[in-house]
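We name chains A, B, ... by the order of the sequence lines, and we start the count at 1 in each one.
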Amino acid sequence: DTGVSQNPRHKITKRGQNVTFRCDPISEHNRLYWYRQTLGQGPEFLTYFQNEAQLEKSRLLSDRFSAERPKGSFSTLEIQRTEQGDSAMYLCASSANENVYGYTFGSGTRLTVV
Amino acid sequence: GEDVEQSLFLSVREGDSSVINCTYTDSSSTYLYWYKQEPGAGLQLLTYIFSNMDMKQDQRLTVLLNKKDKHLSLRIADTQTGDSAIYFCAESLSSGGKLIFGQGTELSVKP
């Protein structure tokens, strides 16, 4: 297992289009997190799953955003009707239950909305 | 509310010590972390400290926690050019829970 994998690495889309990102966590990790990072800022929490259950969603996650983790393994984050303000790095991370040592982050998907 | 603040830039000479500071507002924070981010890369966990500790040392890294002032610092001894990166402080209210990040401190190490 080589860590948390995110695809694609880069995505350029036109405003109004829908995009979907995928995250494959470390296989034995049951928690999976999505964060968004804009230029010059720290990551902002979006949502997290424990197995297939979505336990918390940030108010940053508008109705246009939806995340799923149907079988408790990989997760997808979909953004509908993209806006220029959605341009950011979308980071996925995973951890084992009750892990106090922090998460393992993926390298992220950079979204550019033109 | 939850808020984490860091100074934005720090420049040091190779071989000197670097001290990166962070303040947080939530006194319920249980775990505090330092992450490193290099250009184009994800975040790498450097070290962490529990709220019942004052200090933690790990090789060249020393973390100091002042709970009364809600102040966290990361000292890097003998800073090298490879330490140039953005350093993020983060707090968590529970193990495995969401992290609240600061805006990051860009460390520049000059030869």
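- Heavy atoms from other residues, nucleotides or ligands lying under 6.0 Å from NZ of B:K56 number more than 12.
- The hydrophobic clustering, which links ILVMFWY residues whose side-chain heavy atoms are closer than 4.5 Å, places B:I86 and B:Y48 together.
- No more than 12 heavy-atom neighbours from other residues, nucleotides or ligands sit within 6.0 angstrom of CZ on A:R15.
- Residue A:E56 touches chain B through its side chain alone, counting heavy-atom pairs closer than 4.5 Å.
- Following chains of ILVMFWY side-chain contacts shorter than 4.5 Å, one can reach B:L46 starting from B:V63, so the two form part of one hydrophobic cluster.
- No path of Ile, Leu, Val, Met, Phe, Trp and Tyr side chains, each step under 4.5 Å between heavy atoms, connects A:M89 with A:L32, placing them in separate hydrophobic clusters.
- Only the side chain of A:R9 comes within less than 4.5 Å of a heavy atom in chain B; its backbone stays farther off.
- At least one side-chain heavy atom of A:Y35 sits less than 4.5 Å from a side-chain heavy atom of B:K98.
- Contacts between B:L99 and chain A at a heavy-atom distance below 4.5 Å involve backbone atoms as well as side-chain atoms.
- Summarising the local packing, CG of B:D69 is surrounded by more than 12 heavy atoms from other residues, nucleotides or ligands at distances under 6.0 Å.
- Residues B:F101 and A:F45 keep their aromatic ring centres 6.0 Å or farther apart.
- How far CZ of A:F105 is from CD of B:Q37: 9.0 Å, rounded to the nearest 0.5 Å.
- How far CD of B:Q103 is from CD of A:E44: 11.5 Å, rounded to the nearest 0.5 Å.
- Looking at B:Q6, neither its backbone nor its side chain comes within 4.5 Å of chain A, counting heavy atoms on both sides.
- Side-chain contact between B:F88 and A:Q41: absent, with no pair of heavy atoms (C-beta onward) separated by less than 4.5 Å.
- Proximity to chain A (any heavy atom under 4.5 Å) is restricted, for B:L45, to the side chain, taken from C-beta onward.
- Heavy atoms from other residues, nucleotides or ligands lying under 6.0 Å from CD1 of A:I12 number 12 at most.
- Counting heavy-atom pairs closer than 4.5 Å to chain B, the top-ranked of the candidates A:S58, A:P43, A:C92 is A:P43.
- Hydrophobic clustering (ILVMFWY, side-chain heavy atoms < 4.5 Å, transitive): B:I49 and B:V19 are in distinct clusters.
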